[in-house]
A.B. asks: 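Here you go, one structure.
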Protein chains: 2
Amino acid sequence: MDTKTLCLGVISLGAASGYEIKKAFEEDGLNHIYHTSYGSIYPALTALTKEGLVVCSAMAQEKRPDKKVYTITEAGRGALLTALSAPPAEDKFRSDFLFTMFFAHLLPPQHVAKLLDERIAWYEGNLAKMESSQGCNAFVHGMGLAVYRSAADYLKSHRQEFLDHLSSADKLVAE
Amino acid sequence: MDTKTLCLGVISLGAASGYEIKKAFEEDGLNHIYHTSYGSIYPALTALTKEGLVVCSAMAQEKRPDKKVYTITEAGRGALLTALSAPPAEDKFRSDFLFTMFFAHLLPPQHVAKLLDERIAWYEGNLAKMESSQGCNAFVHGMGLAVYRSAADYLKSHRQEFLDHLSSADKLVAE
DNA sequence: TTTCGCATGTAAACAGTTACATGATTAC
DNA sequence: GTAATCATGTAACTGTTTACATGCGAAA
């Protein structure tokens, strides 16, 4: 899915500006699905407008840059449906944290402990946020919650065991 | 983490060729952490060699292209340690599947059902593979298992509810 | 006989992030 | 006064994927 399709999807839920699309990717339950930046959103909106998939109406604002609100067209709805009907590409996941844990035996155990604690705190912070705001798609929102919860639970319940294991391996090397 | 660091990590576990590094990212419990392709691995190995972080020994093979086996140097171990000590970047996740589910209300329910079933089958296939082969890091491997299991369980237990919800919403629109 | 696995590598195309550029308002 | 929010956009840089190029051996 390219940024154009992502923007088209958000706009299909209601007219929005580039700024609001970015916010949707940070807040509206889309944050654990995809990431984007202004550098890809604004050019995508320009391209969508040229292709006639959205129309742009500039809203003049006092003492602010004009807010450009994009509305989906019929052609846009068709293009979105086509994009959504294609077989979805494989999920792409990349985690520096997990990669680092894979090589935890090379690091000082107290550094690993810090990374684990930070990660647990991150999950718990995110879970709290997600639990308070039900996203606009309960199924997807629920899946995000379920996965994050299991990740947090796993880390909490295996943290000590893992650290113990690292220390004992360390000792063996020292001997 | 750039591809150079990823390769350095794999080589630190034992001398390997570019081909074997790719396999490690597909099989050895690294597959749910990072993805790479030959197009990024081979140039990374060339760069690592130039920087003196690995050394390359060509193994002549009969009726095959020479196999180039890379071994990590002391400088390489130092560089890996430095890279692993840096604060890990945020996880990056992108899922066409979840994005499509977010807009499932636009699709025919039987198409959504097919996508859900395919996804459940994908998780179960992966889980079976992962359960049979314990990766070389039990902690990371266990985390992958836990997360995949919770995703599969969520999909299985909410599949029908979600489809029912889509159909009933459809009916309301039709009326 | 066709596909899969082994085995390396380059170049072009594509995509995405970051930094830059600008600037007022509001809440702390 | 300082940070955050609102608001848009470009350009350079970085990184990744895909296609191309080559080719044998073994298994299905």
A.B. asks: L81(B) and L13(B): same hydrophobic cluster, using ILVMFWY side-chain contacts below 4.5 Å?
C.D. replies: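 Hydrophobic grouping puts L81(B) with L13(B).
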
A.B. asks: From NZ of K23(B) over to P of dC4(C), roughly how many Å is that when rounded to an integer?
C.D. replies: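 Atom-to-atom, K23(B) to dC4(C), this comes out as 17 Å.
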
A.B. asks: Send over the distance from K67(A) NZ to dT5(D) P, rounded to a whole Å.
C.D. replies: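 From K67(A) NZ to dT5(D) P: 16 Å.
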
A.B. asks: Whole-Å distance between dG9(D) P and E20(A) CD?
C.D. replies: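 Answer to the nearest Å: 13 Å.
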
A.B. asks: Using a strict 4.0 Å threshold on nitrogen-to-oxygen distance, state whether E90(A) and R94(B) make a salt bridge.
C.D. replies: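 Not counted as a salt bridge, because no side-chain N and carboxylate O are separated by less than 4.0 Å.
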
A.B. asks: Taking atom P of dC6(C) as reference, at what distance in whole Å does atom CD1 of I41(B) sit?
C.D. replies: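 The answer, rounded to whole Å, is 14 Å.
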
A.B. asks: Applying a 4.0 Å non-hydrogen cut-off, can you work out what S17(B) is touching in the nucleic acid: base, sugar-phosphate, or nothing?
C.D. replies: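 Sugar-phosphate, backbone atoms only, no base.
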
A.B. asks: Can you check the Y19(B) OH to dG23(D) P distance for me, whole Å?
C.D. replies: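 Taking OH of Y19(B) and P of dG23(D), I get 18 Å after rounding.
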
A.B. asks: Would one find more than 12 heavy atoms of other residues, nucleotides or ligands at under 6.0 Å from atom CD of E74(A)?
C.D. replies: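 No, not enclosed.
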
A.B. asks: Would you mind checking if D117(A) and R159(A) are paired as a salt bridge, meaning a charged N to carboxylate O distance below 4.0 Å?
C.D. replies: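 Looking at R159(A) and D117(A), the cut-off is met.
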
A.B. asks: How would nucleotides 14-21 of chain C be written as a contact map, 5' to 3', with B for base contact, S for sugar-phosphate-only contact and - for no contact, using protein heavy atoms under 4.0 Å?
C.D. replies: --SBB---

A.B. asks: I need the NZ-C1' distance between K22(B) and dC6(C), as an integer number of Å.
C.D. replies: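 After rounding, the reported distance stands at 13 Å.
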
A.B. asks: Establish, yes or no, whether the cationic atom of K22(B) lies under 6.0 Å from the six-membered ring centre of Y38(B) and within 45° of the ring axis.
C.D. replies: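 Verdict for Y38(B): a cation-pi partner in K22(B).
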
A.B. asks: From OH of Y42(B) over to P of dT8(C), roughly how many Å is that when rounded to an integer?
C.D. replies: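 Atom OH in Y42(B) sits about 4 Å away from atom P in dT8(C).
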
A.B. asks: Between T5(A) and D2(A), is there a side-chain donor-acceptor contact under 3.5 Å, judged purely by atom types and distance?
C.D. replies: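 Present: a donor and an acceptor within the cut-off.
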
A.B. asks: If I take atom CD in residue E26(B) and atom P in nucleotide dA7(C), what distance separates them, rounded to the nearest angstrom?
C.D. replies: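 It is 14 Å, rounded to the nearest whole Å.
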
